[in-house]
Amino acid sequence: MITLYHCYGARSFRPLWMLEEMGLPYELKMLPFPPRVFAKEYLALNPLGTIPFMVDGETRMTESSGICHYLGVRHGPTPLMVGPEDPAYGAFLNWMYFSDATLTFPQTLVLRYTQLEPEERRNPQVAGDYAKWFLGRLRAVEAATATTEALCAGRFTAADIVIGYALRLADTIGLAKDFGPNVAAYWARLQQRDGFKRAVAAEQQAGVEQNVAPRVRA
């Protein structure tokens with residue numbers, strides 16, 4: 001069975017959502033944030049101490065968007081994936097990489113310098129600069145969702161999952177108020193998906209069962 005290590009609100013929500021959309025069996029292991037500090041035994045499994053960490057047989061993975069891609073290919077076929085024969089394949093891959101490298105990265109700096117650092121090390125200028133960076137890059141999503149409900153291939157895919165997490169994180173750290181109208185409507189649609197709702201419910205249930213308090217982190 002697939003095992004996914006997860007913290008509330010972390011990037012591991014991407015593969016959790018993917019698992020729920022695909023209907024795959026899995027075990028969800030909730031950890032306190034940051035696990036490298038509060039669950040040091042986790043370092044024996046993942047020396048990076050980061051989240052996510054997925055185990056599937058002999059496979060070990062730590063990159064959230066990569067895990068989604070892996071699940072879709074290894075445990076497919078699924079309409080969540082876009083194949084090389086599809087004209088939208090390039091766009092699909094671009095969104096998969098764009099999701100973390102371009103959209104999530106600046107948000108982690110906003111989060112760090114507004115919440116995670118000790119009070120004396122917080123830096124409003126850094127946080128503000130990287131919030132603007134994120135919102136500037138979000139223009140690509142605003143344009144892509146102007147006339148369609150999904151990012152590519154004319155249907156909901158893993159690209160929407162990985163980009164959707166970046167929007168979820170933005171919402172939790174107070175950036176959603178600056179979403180353009182297309183992104184705001186797109187984010188509202190994503191939250192109505194049954195797979196998204198099941199992932200949120202699974203996160204909450206596992207946290208209660210494993211006695212891990214909710215803490216939103218990237």
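Just so you know, these numbers use all the heavy atoms, side chains as well, and skip hydrogens, waters and symmetry mates.
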(request) Evaluate whether atom CD of Glu149 has more than 12 neighbouring non-hydrogen atoms of other residues, nucleotides or ligands under 6.0 angstrom away. (result) no

(message) A cation-pi test, strictly: NZ or CZ of Arg60 under 6.0 Å from the centre of the six-membered ring of Phe53 and no more than 45 degrees from its axis. Yes or no?
(response) no

(request) Enter the distance from Thr104:OG1 to Arg137:CZ here, rounded to the nearest 0.5 Å. (result) 13.5 Å

(request) Kindly work out whether a path of hydrophobic side-chain contacts (I/L/V/M/F/W/Y, heavy atoms less than 4.5 Å apart) joins Phe33 to Leu43. (result) no

(request) Could you tell me whether Arg11 and Asp100 make a salt bridge, using a distance below 4.0 angstrom between a side-chain N and a carboxylate O? (result) yes

(request) Check step by step if side chain to side chain contact (heavy atoms under 4.5 Å, CB included) holds for Arg14 and Ile67. (result) CA-CA 8 Å; Arg14 285 179 174 126; Ile67 294 170; over 6 Å; no

(message) Distance check, rounded to the nearest 0.5 Å: Leu103 atom CG versus Trp133 atom CH2?
(response) 11.5 Å

(message) I'd like to know if Tyr5 and Leu48 are part of one continuous hydrophobic network [Ile/Leu/Val/Met/Phe/Trp/Tyr, side-chain heavy atoms within less than 4.5 Å].
(response) no

(request) Tell me, with the steps shown, if Phe13 and Leu169 meet side chain to side chain contact (heavy atoms under 4.5 Å, CB included). (result) CA-CA 10 Å; Phe13 188 80; Leu169 178 58; over 6 Å; no

(request) Taking atom NZ of Lys132 as the centre, report whether more than 12 heavy atoms of other residues, nucleotides or ligands fall under 6.0 Å from it. (result) no

(message) Quick check for you: to the nearest 0.5 Å, what is the distance between Leu24 atom CG and Arg74 atom CZ?
(response) 12.5 Å

(request) Decide yes or no on side chain to side chain donor-acceptor pair (under 3.5 Å) for Thr50 and Thr62, but give the supporting numbers first. (result) CA-CA 7 Å; Thr50 56; Thr62 61; 5.1 Å; no

(message) Check Glu117 with Arg122, please: is the shortest side-chain N to carboxylate O separation under 4.0 Å?
(response) no

(message) Using a strict threshold of under 4.0 Å (side-chain N to carboxylate O), is an ion pair present between Lys197 and Glu20?
(response) no

(message) Under a 4.0 Å threshold between the charged nitrogen and the carboxylate oxygen, would Lys29 count as salt-bridged to Glu27?
(response) yes

(request) For atom OH of Tyr42, decide whether the heavy atoms of other residues, nucleotides or ligands shown that lie under 6.0 angstrom number more than 12. (result) yes

(request) Test Glu142 against Tyr186 for side chain to side chain donor-acceptor pair (under 3.5 Å), laying out the working first. (result) CA-CA 9 Å; Glu142 180 73 12; Tyr186 173 58; over 6 Å; no

